[in-house]
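Take a look at the structure below.
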Amino acid sequence: MVAAVRVHKHGGPEVLTYEQIEVGAPGPGQIKVKNRACGVNYIDTYFRMGMYPSPVGLPFVSGNEGAGEVMAVGPGVTDIKVGDRVGYVTALGGYSEERLMPADRAVKLPDGITFEQAAAMMLKGMTAQYLLRRTYKVERGSTILVHAAAGGVGVILCQWGNALGATVIGTVGSEEKAKIAKANGAHHTILYRNEDFAAKVKEITGGKLCDVVYDGIGKTTFPASLDCIRPLGMFASFGSASGPIEAFNINLLQTKGSLFATRPTLNTYVAKREDLLATAKDLFDVVSSGKVKIPVNQKYPLKDAAKAHKDLEGRGTTGSSILVP
Ligand SMILES: NC(=O)c1ccc[n+]([C@@H]2O[C@H](COP(=O)([O-])OP(=O)(O)OC[C@H]3O[C@@H](n4cnc5c(N)ncnc54)[C@H](OP(=O)(O)O)[C@@H]3O)[C@@H](O)[C@H]2O)c1
């Protein structure tokens with residue numbers, strides 16, 4: 001038996017239950033991983049609340065990101081072996097001392113990447129990679145708006161966007177977070193809880209607005225985010241930390257300047273194994289080069305997963321959070 005954090009019924013952080021579970025031997029195409037660190041992400045709260053359906057029903061082991069050592073491999077697994085250090089993003093099962101998972105979702109970690117770094121960035125960093133390199137190709141001279149710029153995905157978007165030569169504008173919930181966003185590459189910050197952020201973006205850009213808005217906030221930043229985008233620019237709505245955006249009239253995109261809008265998810269961008277490996281490699285390279293650092297600002301023992309969720313949803317965290325089994 002090993003320790004894990006399970007959800008037996010949907011609800012608030014209190015439904016995260018620390019208990020002992022049985023983890024069997026890996027089946028065909030599976031590996032067994034001894035987790036050294038587990039990533040904490042906003043998506044974990046969506047599964048916990050039932051906003052995203054669990055593919056395995058109830059109960060389920062929470063968590064979608066982690067890193068550890070391979071303990072055993074199942075029949076048919078050829079490219080991963082016992083003892084390999086791996087990082088992964090895969091639906092559920094992450095908050096556990098040991099787990100089974102599909103071998104084709106595991107990525108071997110380069111020597112320079114620690115387990116804690118990997119658990120803090122496989123999901124958030126690969127998300128930043130596809131948002132900056134594929135959803136909208138950010139280049140020298142681009143202007144980008146990053147909401148929640150001091151958050152887990154936010155600090156990576158700011159650093160990487162800056163490294164690509166973009167002007168980075170970040171919105172944040174407090175003065176303290178503004179300092180963190182600036183230290184992570186944001187050229188300008190806006191306190192969006194007190195200020196009209198669209199008016200401020202207009203002022204900062206001299207009316208030119210942004211090429212792309214990366215919006216993981218959802219309900220409370222919509223539709224104002226659209227007013228921050230130049231004609232023919234891109235609205236990348238990649239999350240709902242404040243709740244989902246409600247149905248809207250698509251003509252709004254025309255009146256705001258023939259905008260493009262997308263609701264992307266990492267799963268689609270890394271569905272093919274070659275895309276997973278290429279995305280992870282790009283992330284490992286930019287982190288190894290020192291251009292992007294992964295701040296692990298909250299570290300909890302596995303048994304305190306409920307506190308980790310409470311802190312994340314209470315806007316009390318910055319950078320990445322991890323659980324240590
Ligand atoms: N689509 C994808 O592929 C993908 C992948 C990864 C993450 N995401 C999304 O990206 C977003 C960020 O994820 P994360 O794990 O890095 O979280 P995070 O940004 O570290 O935490 C969420 C932040 O959102 C801000 N926020 C604004 N309104 C909020 C509200 N009503 N309640 C709580 N927080 C609020 C807070 O920052 P301030 O205090 O500065 O406002 C808070 O710290 C989430 O929406 C997540 O679902 C999407």
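As the structure is a computational prediction, the values presented were derived from the model and not from experiment. Just so you know, ligand 1 is whichever comes first in the structure, and atom 1 is the first atom listed for that ligand.
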Is [X] close enough to touch ligand 1? Criterion: a residue heavy atom under 4.0 Å from a ligand atom.
X: A150; value: no
X: Y269; value: no
X: S240; value: yes

At under 4.0 Å between heavy atoms, which part of [X] makes contact with ligand 1: side chain, backbone, both or neither?
X: N267; result: neither
X: T220; result: neither
X: E313; result: backbone
X: S174; result: neither

Which atoms of ligand 1 are found less than 4.0 Å from any heavy atom of [X]?
X: G173; value: 38 (P), 39 (O), 40 (O), 41 (O)
X: R263; value: 1 (N)
X: L266; value: 2 (C), 3 (O)
X: V172; value: 40 (O)
X: G152; value: 16 (O), 18 (P), 19 (O), 20 (O)
X: L312; value: 20 (O), 21 (O)
X: Y46; value: 44 (C), 45 (O), 46 (C), 47 (O)

Open item on the list: Let me confirm one number: the CG-NZ distance from L209 to K256, rounded to the nearest 0.5 Å.
Closed with: 11.0 Å
Open item on the list: To the closest 0.5 Å, what do you measure between OG (S321) and CG (L312)?
Closed with: 6.0 Å
- [ ] Could you give me the CA-CA distance, side-chain angles and deciding distance for K34 and E69, then say whether salt bridge (charged side-chain N to carboxylate O under 4.0 Å, His left out) is met?
- [x] CA-CA 5 Å; K34 184 165 196 62; E69 282 147 4; over 6 Å; no
Quick one: nearest non-hydrogen protein atom to [atom], plus distance?
atom: atom 19 (O) of ligand 1; answer: G151 CA, 3.5 Å
atom: atom 23 (C) of ligand 1; answer: A148 CB, 4.0 Å
atom: atom 35 (C) of ligand 1; answer: R315 NE, 3.6 Å
atom: atom 11 (C) of ligand 1; answer: G216 O, 3.8 Å
atom: atom 32 (N) of ligand 1; answer: A241 O, 3.4 Å
atom: atom 48 (C) of ligand 1; answer: F238 O, 2.8 Å
atom: atom 24 (O) of ligand 1; answer: I217 CD1, 3.5 Å
atom: atom 6 (C) of ligand 1; answer: L123 CD2, 3.3 Å

Open item on the list: Would you say V292 ends up clustered with L123 if hydrophobic residues are merged whenever their side chains have heavy atoms under 4.5 Å apart, either directly or through other cluster members?
Closed with: yes
Open item on the list: Side-chain heavy atoms nearer than 4.5 Å, only ILVMFWY residues, links allowed to pass through others: does that put I250 and V213 together?
Closed with: yes
Task: Side-chain H-bond candidate by donor/acceptor type, H147 with S225, under 3.5 Å - done: yes
TODO: Indicate the atoms forming the closest heavy-atom contact of N184 with P295, along with that distance.
DONE: OD1-CG, 4.3 Å
TODO: Answer whether the closest heavy-atom distance between the side chains of T279 and R134 falls below 4.5 Å.
DONE: yes
Quick one: which of [options] has a heavy atom closest to [atom]?
atom: atom 16 (O) of ligand 1; options: V153, T268, T127; result: V153
atom: atom 39 (O) of ligand 1; options: K177, K124, K219; result: K177
atom: atom 33 (C) of ligand 1; options: Y130, Y42, Y52; result: Y42

- [ ] Check whether any N or O atom of V40, backbone or side chain, sits under 3.5 Å from an N or O atom of ligand 1, and answer yes or no.
- [x] no
Flag yes if more than 12 heavy atoms outside [X] fall under 6.0 Å of its [atom1] atom; otherwise flag no.
X: K299; atom1: NZ; value: no
X: K108; atom1: NZ; value: yes
X: D111; atom1: CG; value: no

Task: Over-ring placement of R85 relative to F115, 6.0 Å and 45° cut-offs - done: yes
Task: Residue pair E139, L164: steps toward the side chain to side chain contact (heavy atoms under 4.5 Å, CB included) verdict - done: CA-CA 6 Å; E139 304 172 326; L164 290 168; over 6 Å; no
Open item on the list: Quick test of your reading: applying ring pair (Phe, Tyr, Trp, His ring centres under 6.0 Å), list the pairs with at least one residue in residues 248-270, sequence neighbours left out, ordered by first then second residue.
Closed with: Y130-Y269, F222-F248
Open item on the list: Do the side chains of K200 and E195 get close enough for a salt bridge, i.e. N-O under 4.0 angstrom?
Closed with: yes
